[in-house]
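Presented below is the structure to which this report refers.
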Amino acid sequence: MSLVSLKSIHKSFGATTVLSDINLQIRDGEFLVLVGPSGCGKSTTLRLVAGLETPTSGDIYIGDTRVNEMDPKDRDIAMVFQNYALYPHMNVYENMAFGLKIRKQDPDLIRTRVEEAADILQIGDLLKRKPRELSGGQRQRVALGRALVRKPKVFLFDEPLSNLDAKLRSEMRIEIKRLHKLLATTMIYVTHDQVEAMTMGDRIAVMNRGNIEQLDTPKTTYDKPNNKFVAGFIGTPQMNFIEGSVYPGKGGHIFKAGSFQIDIGKHPSLGKNERRVVMGIRPENISPVTEGSAHAERQDTFTAEVEITEPLGSSLLAHLVVGGFHLTANFDGNLDIKMGETIEVKIDQGKIHLFDLETKEKLID
């Protein structure tokens with residue numbers, strides 16, 4: 001059983017607190033991604049599971065075994081690092097076999113496992129090469145293979161794709177997901193790249209300043225962020241934010257900021273008094289209107305000035321000024337929209353997010 005549990009974990013380096021009361025359970029066979037900005041504590045969390053760091057307080061379990069004082073070599077884990085950590089004087093076969101050799105495994109077993117891993121990762125023709133003769137993607141496959149031959153209870157990945165170019169990152173994301181599907185082994189993956197988190201994880205833990213802000217499936221995290229930090233961190237392009245006030249109207253609640261005003265529907269949780277909030281709307285929830293004067297009759301339609309456009313092939317990012325505020329919209333790439341022109345846009349009222357101005361916590365689902 002390869003369930004991993006972190007219970008009330010605190011970690012400090014001197015007077016600096018890096019992790020604060022982390023409680024996290026990674027299910028048996030789950031692919032969990034720890035994601036967040038630099039310095040949020042995600043790599044420290046991974047190193048604690050690996051045994052490379054010791055918690056200041058709290059308990060770590062792998063299966064039913066408390067591993068706080070257990071050496072890394074005894075935890076039955078395998079770790080894949082950002083910099084590959086290959087031995088330059090060894091060829092690919094020797095790098096992949098090294099962990100089994102120092103455990104004095106039978107040579108025939110070592111050969112079988114290396115060949116199996118090489119076949120899975122499609123590097124069988126590279127076994128006699130040295131690391132310096134390999135591309136970045138090939139080196140990363142060797143690092144994966146070295147972990148794979150161990151057949152550990154838990155795989156740990158510490159930003160393994162950050163040194164690769166965009167094309168290789170995309171290919172390796174698919175490779176690692178395919179590997180997880182094949183092995184059905186618990187995997188914990190650390191990244192600062194929310195695209196990796198969204199595309200790879202069964203669940204993602206969004207971390208910030210030593211805390212887990214939200215732990216959920218990628219879709220739920222995207223659609224229903226717990227707070228403004230998660231809403232802004234998850235999603236590319238980033239969610240648009242406008243500070244303003246919300247108050248009851250005739251048929252529901254109204255958000256107003258300067259000359260910008262929109263009916264957001266009825267939300268009993270907002271109460272009957274005006275309150276200061278932050279409204280959030282994702283770029284894909286702003287769409288162009290082609291009905292001419294529809295904006296004069298609808299409260300969800302606005303006049304927008306197009307400041308800058310960024311054609312991306314299948315999509316077009318349009319940076320707009322709406323009611324005095326700067327918003328980014330994600331339009332269909334076939335639209336003929338030019339910088340400097342004025343267009344009509346519609347904001348999807350059902351996709352609006354509201355966060356408390358002070359606490360930054362969500363106010364509506």
Side-chain angles (χ1 to χ4, degrees), residues 2-28 30-63 65-87 98-99 102 139-140 143-144 146-148 150-164 172 176 180 185-194 196-197 200-213 215 233:
S2 49
L3 180 145
V4 178
S5 298
L6 287 78
K7 301 182 179 181
S8 300
I9 294 294
H10 292 256
K11 178 62 180 177
S12 299
F13 293 102
T16 303
T17 298
V18 180
L19 296 174
S20 304
D21 196 27
I22 296 294
N23 289 280
L24 179 63
Q25 187 172 88
I26 300 97
R27 302 161 185 159
D28 186 20
E30 180 177 29
F31 196 124
L32 181 93
V33 178
L34 302 175
V35 63
S38 297
C40 70
K42 56 189 185 296
S43 289
T44 299
T45 302
L46 197 75
R47 290 172 65 83
L48 287 168
V49 175
L52 302 176
E53 301 286 353
T54 303
T56 304
S57 63
D59 297 304
I60 302 171
Y61 288 84
I62 297 178
T65 305
R66 183 178 179 274
V67 298
N68 286 45
E69 288 80 33
M70 190 178 290
D71 289 337
K73 64 182 177 63
D74 299 322
R75 296 191 182 197
D76 199 8
I77 55 96
M79 193 161 182
V80 180
F81 296 93
Q82 175 181 348
N83 62 358
Y84 320 132
L86 301 178
Y87 297 106
F98 184 74
I102 62 174
R139 292 178 191 178
Q140 193 56 272
L144 284 170
R146 185 176 53 190
L148 186 58
R150 294 265 313 281
K151 295 191 176 181
K153 288 182 179 178
V154 182
F155 285 91
L156 306 178
F157 298 87
D158 190 7
E159 305 208 38
L161 309 185
S162 59
N163 288 337
L164 304 180
M172 290 304 299
I176 293 172
H180 178 253
T185 304
T186 306
M187 294 185 177
I188 308 174
Y189 188 102
V190 161
T191 181
H192 65 274
D193 185 337
Q194 54 92 20
E196 286 182 23
M200 298 179 75
D202 296 327
R203 290 188 300 162
I204 60 177
V206 183
M207 299 188 67
N208 183 38
R209 298 181 178 179
N211 296 290
I212 296 176
E213 300 283 353
L215 173 63
F233 188 81

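For Glu196, the side-chain hydrogen bond (donor to acceptor under 3.5 Å, both in side chains) criterion is met by Tyr189, Thr191, not counting sequence neighbours. The side-chain hydrogen bond (donor to acceptor under 3.5 Å, both in side chains) search around Thr186 returns Ser2, not counting sequence neighbours. For Asp158, the side-chain hydrogen bond (donor to acceptor under 3.5 Å, both in side chains) partners two or more places apart in sequence, or in a different chain, are Ser43. Partners of His180 by ring-ring contact (aromatic ring centres under 6.0 Å, His included), not counting sequence neighbours, listed by chain and number: Phe31. Scored by the side-chain contact (heavy atoms from CB on, under 4.5 Å) test, Pro72 finds Leu52 as partners (sequence neighbours excluded). Remark: Asn163 engages no residue in a side-chain hydrogen bond (donor to acceptor under 3.5 Å, both in side chains) (not counting sequence neighbours). Evaluation of the ring-ring contact (aromatic ring centres under 6.0 Å, His included) rule for Phe98 yields Tyr87 as partners, not counting sequence neighbours. Arg150 pairs by the salt bridge (Lys or Arg N to Asp or Glu O under 4.0 Å) definition with nothing, not counting sequence neighbours. Contacts of Arg47 classified as salt bridge (Lys or Arg N to Asp or Glu O under 4.0 Å), with partners at least two apart in sequence or in another chain: Glu53. Residues that satisfy the salt bridge (Lys or Arg N to Asp or Glu O under 4.0 Å) test with Asp59, not counting sequence neighbours, are Arg66.
For Arg75 (side chain) and Val67 (main-chain N/O), a donor-acceptor pair under 3.5 Å exists by modelled atom type. Counting only distance, with no hydrogens or angles, the side chain of Asn68 and the backbone of Gly58 share a donor-acceptor pair below 3.5 Å. At least one donor-acceptor pair under 3.5 Å links the side chain of Lys42 to the backbone N or O of Pro37. In this structure a side-chain-to-backbone donor-acceptor pair under 3.5 Å is missing from Asn23 to Lys7. Of the possible donor and acceptor atoms, one in the side chain of Arg146 sits under 3.5 Å from a partner among the backbone N and O of Tyr84.
Considering all non-hydrogen atoms of both residues, Val190 and Pro160 come closest at O-CD, 4.2 Å. When every heavy atom of Ile62 is checked against every heavy atom of Lys153, the shortest pair comes out as CG2-CD, 4.4 Å. The nearest pair of heavy atoms linking Ile22 to Asn211 is CD1-CA, 4.1 Å. When all heavy atoms of Ala50 and Leu156 are compared, the closest pair comes out as CB-CD1, 3.5 Å. Looking at every heavy atom in both residues, Ile9 comes nearest to Pro55 through CD1-CB, 4.1 Å. Between Arg139 and Leu86 the shortest heavy-atom distance is O-CD1, 3.9 Å.
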### Task
Begin with the C-alpha distance, continue with both residues' side-chain angles, and end with the deciding distance and a verdict on side-chain contact (heavy atoms from CB on, under 4.5 Å) for Leu161 and Asp193.
CA-CA 10 Å; Leu161 309 185; Asp193 185 337; over 6 Å; no

### Query
Checking side-chain contact (heavy atoms from CB on, under 4.5 Å) for the pair His10/Asp21: CA distance, chi angles, key distance, verdict?
CA-CA 5 Å; His10 292 256; Asp21 196 27; 3.6 Å; yes

### Message
Could you walk me through whether Phe157 and Val33 satisfy the side-chain contact (heavy atoms from CB on, under 4.5 Å) test, starting with their C-alpha distance in whole Å, then the side-chain angles of each, then the deciding distance to 0.1 Å, before giving a yes or no?
### Response
CA-CA 9 Å; Phe157 298 87; Val33 178; over 6 Å; no

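Counting non-hydrogen atoms of neighbouring residues, nucleotides and ligands closer than 6.0 angstrom, the CZ atom of Arg203 exceeds 12 such neighbours.
Expressed to the nearest 0.5 Å, how far OG1 of Thr185 lies from CG of Asp28 amounts to 8.5 Å. The NZ atom of Lys11 sits 13.0 Å away from the OG atom of Ser20 when rounded to the nearest 0.5 Å. Note that CG of Asp74 and CD of Glu69 are 12.5 Å apart. Values are rounded to the nearest 0.5 Å. Taken from CD in Glu159 to CG in Asn83, the straight-line distance is 11.5 Å, to the nearest 0.5 Å. Considering CE of Met207 and CZ of Phe233, their distance stands at 11.5 Å, rounded to 0.5 Å. Ile26 CD1 to Leu3 CG: the interatomic distance, rounded to the nearest 0.5 Å, is 7.5 Å.
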Quiz: residues 12-19 side-chain donor-acceptor pairs under 3.5 angstrom, not counting sequence neighbours:
none

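Residue pairs meeting the salt bridge (Lys or Arg N to Asp or Glu O under 4.0 Å) criterion with at least one partner in residues 77-86, sequence neighbours excluded, are absent.
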